[in-house]
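Structure first, then comments.
One-based numbering, in listed order, for ligands and for the atoms of each. Sequential numbering from 1 along the given sequence is applied to the chain's residues.
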Amino acid sequence: MNKDLRKAIIAGNWKMNKTRPEAKELLEAIKPLVANAQGKVEVVACVPFTNLETAVNTTAGSNIKIGAENVHFEKSGAFTGEISADMLTEIGVTYVVIGHSERRQYFGETDETVNKRTKAALAAGLIPIVCVGELLNEREAGITSEIVGKQVKLDLAGLTADEAKKTVIAYEPVWAIGTGKTATADQAEEVCAFIRATIASLYDQAVADAVTIQYGGSMNAKNCAELLAKPNVDGGLIGGASLKADDFNVIVQAAVNG
Ligand code: 13P
């Protein structure tokens, strides 16, 4: 496995946090800290819909890319409360988180809708960050591979090899999200390697080697270096620690040095 074949990406997932002034303040603080990552590590902030325009304007000319936290799969129409991929690209959004476990758990997201959103995002030129991961009882039952393998196969179903290469996968064990319980670096590596092998079986090794696979789940300033040093962990999707400029920067620097 060769990490040079793919892009390292550190992405913050702000979830339902920050008003527009707060978003501007946080991004202004992050901007100078992570400027040295340019050309080495892609730095992304995925923010609530209401903050997108502020975030794009605040980071203009910097090396920080902006992502949304969800996208609808239809192009337009009678879907009250939803946001289309074209609406996101028009603002200047680059990435979009799809199928986060919180959306699967609280908002009825399924692998079928994740697949539809992923296709819509790619068609509009957005880079999807597709989230997969097992529940605690699934890990305890020894079926992590079955669960994650099924998610990867269904979520990427019908994507061309070129589309699959552009897609980012975030492995987020649900039991590690917001709990302070991080997967060990070996656990994260094992599943990220399994995801890459699954992609190789669906496409080929060249596609698998090109796909960025992030780890997410209580990644923080203390544990990031060990996780990011693993050969199949190409970055992080960071919740809580992305809301503090200094902590987020420590993770970005670990990726730069890793
Ligand atoms: P925490 O880093 O807060 O555990 O959240 C992880 C996550 O869900 C990122 O998408």
List ligand 1 atoms under 4.0 Å from [X], heavy atoms only on the residue side.
X: Ser218; value: 1 (P), 2 (O), 4 (O)
X: His100; value: 7 (C), 8 (O), 9 (C), 10 (O)
X: Leu237; value: 9 (C), 10 (O)

At what distance is the nearest protein heavy atom to [atom], and which residue and atom is it?
atom: atom 3 (O) of ligand 1; value: Gly240 N, 2.9 Å
atom: atom 5 (O) of ligand 1; value: Lys15 NZ, 3.2 Å
atom: atom 9 (C) of ligand 1; value: Glu172 OE2, 2.9 Å
atom: atom 2 (O) of ligand 1; value: Gly239 N, 2.9 Å

Drop me the distance from Phe79's CZ to Ser84's OG, to the nearest 0.5 angstrom. 11.0 Å

Leu88 side, atom CG; Ile66 side, atom CD1 - distance, nearest 0.5 Å: 12.0 Å

Is a donor from one side chain sitting under 3.5 angstrom from an acceptor on the other, for Asn223 and Thr182? yes

Using distance alone, with no hydrogens and no angle criterion, decide if Gln151 and Asp111 have a side-chain donor and acceptor under 3.5 Å apart. no

Linked, directly or transitively: Ile83 and Ile129 (ILVMFWY side chains, under 4.5 Å): no

Taking a cutoff of less than 4.0 Å between a non-hydrogen atom of the residue and any ligand atom, is Gly178 in contact with ligand 1? yes

Compute the minimum heavy-atom distance from Gly217 to ligand 1 and say whether it is under 4.0 Å. yes

Please classify the Ile177 to ligand 1 contact at 4.0 Å (heavy-atom distances, strictly less than): side chain, backbone, both or neither. both

Test of understanding: given a 4.0 Å heavy-atom threshold, classify the contact between Ala176 and ligand 1 as side chain, backbone, both, or neither. backbone

With Glu140, which residues qualify under side chain to side chain contact (heavy atoms under 4.5 Å, CB included), at least two apart? Leu136

Are any of the side-chain nitrogens in Asp86 or Lys75 under 4.0 Å away from the carboxylate oxygens of its partner? yes

Are any side-chain N or O atoms of Asn13 and backbone N or O atoms of Gly239, one a donor and one an acceptor, separated by less than 3.5 Å? no

